[in-house]
Q: 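Okay, handing you the structure first.
Along the sequence shown, residues carry numbers from 1. Only this structure's heavy atoms are used, side chains among them; waters, hydrogens and symmetry mates stay out. Fair warning: this is a prediction, and the values are worked out from it, not measured in the lab.
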Amino acid sequence: MGKTFYFDWEVKLMEWLQGFIGDFGAQVASVMSMLGEEVILVAILGYIFWCYDKNLGRFIGMNILVGLIMCPMLKNVMLRRRPYIDNPSIKCLRPVASDAPITDIASQGFSFPSAHTMNSTTSYLSIPVFTKNKKLLIPAIIIPIIVGVSRVMLGVHYPTDVLFGWVVGTIVVFGMSAIQKRVKRIEILYAIVTVIALMGVFYCRTEDYFTCLGLIIGFFSADIFERRYVNFKETRNPIESVIRVLGGFATYGVLNFLIKAPFSKEFLETKAAGPFALRAFRYAVIAFVAFGLYPMLFGKLGRLFNKNEHREGEGNN
């Protein structure tokens with residue numbers, strides 16, 4: 001399953017890096033790699049959208065989702081096998097799916113391009129591009145570089161996987177920025193991106209595609225709903241921000257459990273149309289509730305904090 005293609009220099013570079021970093025370096029690279037993982041990126045997006053600046057959150061969300069859906073759509077075309085599968089001299093130091101054999105391509109996914117690299121580029125670079133804050137540009141460049149290099153060190157991506165992730169991630173950020181400035185109705189842009197994303201249904205056979213498809217449908221629908229019916233206010237209160245973020249993750253955990261509960265583990269892990277459709281539905285519901293319905297609680301939470309602050313003020317008087 002999959003295709004084998006690489007440059008000789010890529011294998012030699014990876015062999016040298018793994019021989020150089022040792023066990024401690026592998027642990028450091030594993031931590032570095034986490035900066036590009038979806039949980040971290042969603043946490044950043046959640047904080048920015050729920051607490052800091054909705055417009056910045058929408059901009060980052062759009063870029064993340066475009067990058068997220070592009071990766072599996074490209075992976076399912078290129079079908080490039082992981083480096084360690086065809087090169088025994090390269091060790092897999094951090095498998096994508098820790099509960100599956102490293103040779104199980106269906107679980108570990110394809111190699112080209114690097115999703116960690118592309119996602120970290122679209123996420124972190126979006127912040128200085130939107131805010132026009134040049135001071136944030138340096139970490140926005142350094143972090144994706146660290147993430148990309150770590151993926152090569154860990155043996156899960158060829159250098160060209162990472163290079164492509166950096167380039168395409170950068171193109172997504174600046175390209176979507178230009179497009180969003182020219183599109184007056186965000187619903188039109190959401191519809192276009194969704195239609196393009198749906199084309200992958202005809203040929204993608206990996207879980208990450210259906211996860212991303214569900215997130216796109218859910219987040220776009222949630223944003224339209226929030227603009228029309230919720231319009232919550234951001235907060236800079238540290239305690240309220242923590243509660244909002246923790247509540248968002250709790251919402252994800254509860255919904256994820258409830259939607260999966262009626263189905264067996266064997267069914268959910270089957271690579272077939274039914275489980276794929278359920279996966280897309282599950283993440284669409286989670287994204288819609290988390291970013292559309294869940295913020296309806298923020299008004300009550302804000303009034304509670306305002307009452308407490310008012311009481312403390314009276315007590316000080």
Q: Atom CZ of residue position F5 - does it have more than 12 heavy atoms of other residues, nucleotides or ligands inside 6.0 Å?
A: yes
Q: With a 4.5 Å limit on heavy-atom distance, are the side chains of I44 and I40 in contact?
A: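 SC-SC contact between I44 and I40 confirmed.
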Q: According to salt bridge (Lys or Arg N to Asp or Glu O under 4.0 Å), who are the partners of E226, at least two apart in sequence or on a separate chain?
A: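 Counting only residues at least two positions away or on another chain, E226 forms a salt bridge (Lys or Arg N to Asp or Glu O under 4.0 Å) with K54, R58.
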Q: Return the set of residues passing salt bridge (Lys or Arg N to Asp or Glu O under 4.0 Å) with R182 (not counting sequence neighbours), or none when no residue passes.
A: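 Here no residue qualifies.
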Q: Return the minimal non-hydrogen interatomic distance between G148 and V162, and the atom names on each side.
A: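 Of all heavy-atom pairs spanning G148 and V162, the closest is O-CG2, 3.3 Å.
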Q: Using side chain to side chain donor-acceptor pair (under 3.5 Å) as the criterion, point out the one residue from R80, E10, H116, R82 that pairs with H157.
A: R82
Q: I need the S126 OG to I64 CD1 distance, nearest 0.5 Å.
A: 7.0 Å
Q: Of the non-hydrogen atoms in Y294 and I243, which two are nearest, and what is the gap between them?
A: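 Taking Y294 first and I243 second, the nearest heavy atoms are OH-O, 3.7 Å.
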Q: Taking the side chain as C-beta and beyond, is there a heavy-atom pair between F298 and V230 under 4.5 Å?
A: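 Not touching, per the 4.5 Å side-chain cut-off.
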Q: Just to verify, what does Y124 make a ring pair (Phe, Tyr, Trp, His ring centres under 6.0 Å) with, not counting sequence neighbours?
A: none
Q: Might you confirm whether atom NZ of K271 has over 12 heavy atoms from other residues, nucleotides or ligands at distances under 6.0 Å?
A: yes
Q: Which heavy atom of F164 sits nearest to which heavy atom of L74, and what is that distance?
A: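 Taking F164 first and L74 second, the nearest heavy atoms are CE2-CD1, 3.7 Å.
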Q: Go through the structure and list residues passing ring pair (Phe, Tyr, Trp, His ring centres under 6.0 Å) with Y252, not counting sequence neighbours.
A: none
Q: What residues form a ring pair (Phe, Tyr, Trp, His ring centres under 6.0 Å) with F281, not counting sequence neighbours?
A: none
Q: Return all side-chain donor-acceptor pairs below 3.5 angstrom for residues 15-29, not counting sequence neighbours, or 'none' if the list is empty.
A:
unit_1 : atom_1 : unit_2 : atom_2 : d
E15    : OE2    : S89    : OG     : 2.4
Q18    : OE1    : K91    : N      : 2.9
Q18    : NE2    : K91    : O      : 2.8
Q18    : NE2    : M153   : O      : 3.0

Q: Decide yes or no for D161 and T117: does some side-chain heavy atom of the first lie under 4.5 Å from some side-chain heavy atom of the second?
A: no
Q: Please enumerate all residues that pass side-chain hydrogen bond (donor to acceptor under 3.5 Å, both in side chains) together with Y209, with sequence neighbours excluded.
A: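 Scan of Y209 (side-chain hydrogen bond (donor to acceptor under 3.5 Å, both in side chains), adjacent residues dropped) gives none.
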Q: Side-chain donor-acceptor pair under 3.5 Å between Y283 and N256, yes or no?
A: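 No donor-acceptor contact under 3.5 Å links the two side chains.
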Q: Under 3.5 Å, is there a donor-acceptor pair linking the side chains of N76 and T206?
A: yes
Q: With sequence neighbours left out, write down each residue that passes salt bridge (Lys or Arg N to Asp or Glu O under 4.0 Å) with D86, or none if nothing qualifies.
A: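 D86 satisfies salt bridge (Lys or Arg N to Asp or Glu O under 4.0 Å) with R81 once adjacent residues are dropped.
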Q: Yes or no on salt bridge (Lys or Arg N to Asp or Glu O under 4.0 Å) for R228 and E187, after CA distance, side-chain angles and deciding distance?
A: CA-CA 12 Å; R228 294 182 180 177; E187 295 90 344; 3.6 Å; yes
Q: Could you list who else is in V195's hydrophobic cluster, with ILVMFWY side chains joined at under 4.5 Å, directly or through other members?
A: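 None; V195 is a cluster of one.
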Q: Which atom names give the shortest non-hydrogen contact between C212 and I69, and what distance separates them?
A: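 Heavy atoms of C212 and I69 come nearest at CB-CD1, 3.6 Å.
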Q: Apply the test side chain to side chain contact (heavy atoms under 4.5 Å, CB included) to residues W166 and S114: give CA-CA distance (whole Å), side-chain angles for both, the deciding distance (0.1 Å), then the verdict.
A: CA-CA 9 Å; W166 285 327; S114 168; over 6 Å; no
Q: Are more than 12 heavy atoms, taken from residues, nucleotides or ligands other than F249, located less than 6.0 Å from that residue's CZ atom?
A: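 More than 12 heavy atoms, drawn from other residues, nucleotides or ligands, come within 6.0 Å of this atom.
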Q: Whether the side chain of Q108 engages the backbone of P101 through a donor-acceptor N/O pair (distance < 3.5 Å, no angle test) should be reported.
A: yes
Q: Any side-chain heavy-atom pair from D53 and E234 closer than 4.5 angstrom?
A: yes
Q: For Y84, give me all partners under ring pair (Phe, Tyr, Trp, His ring centres under 6.0 Å), at least two apart in sequence or on another chain.
A: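 For Y84, no residue satisfies ring pair (Phe, Tyr, Trp, His ring centres under 6.0 Å) once neighbours in sequence are set aside.
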Q: Using side-chain contact (heavy atoms from CB on, under 4.5 Å) as the criterion, list what pairs up with S221, not counting sequence neighbours.
A: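 Counting only residues at least two positions away or on another chain, S221 forms a side-chain contact (heavy atoms from CB on, under 4.5 Å) with I217, F288.
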Q: Is the backbone N or O of N119 less than 3.5 Å from a side-chain atom of T122, with the two atoms forming a donor-acceptor pair by type?
A: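 Pair found, side chain donor or acceptor close to backbone of N119.
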Q: Strictly by salt bridge (Lys or Arg N to Asp or Glu O under 4.0 Å), give each pair with a member in residues 134-159 just once, sequence neighbours left out.
A: none
Q: Any chance the rings of F291 and W50 have centres within less than 6.0 Å?
A: yes
Q: Treating S177 as the side-chain partner and F174 as the backbone partner, does any N or O pair qualify as donor plus acceptor under 3.5 Å?
A: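 Pair absent, no side-chain N/O of S177 close to backbone of F174.
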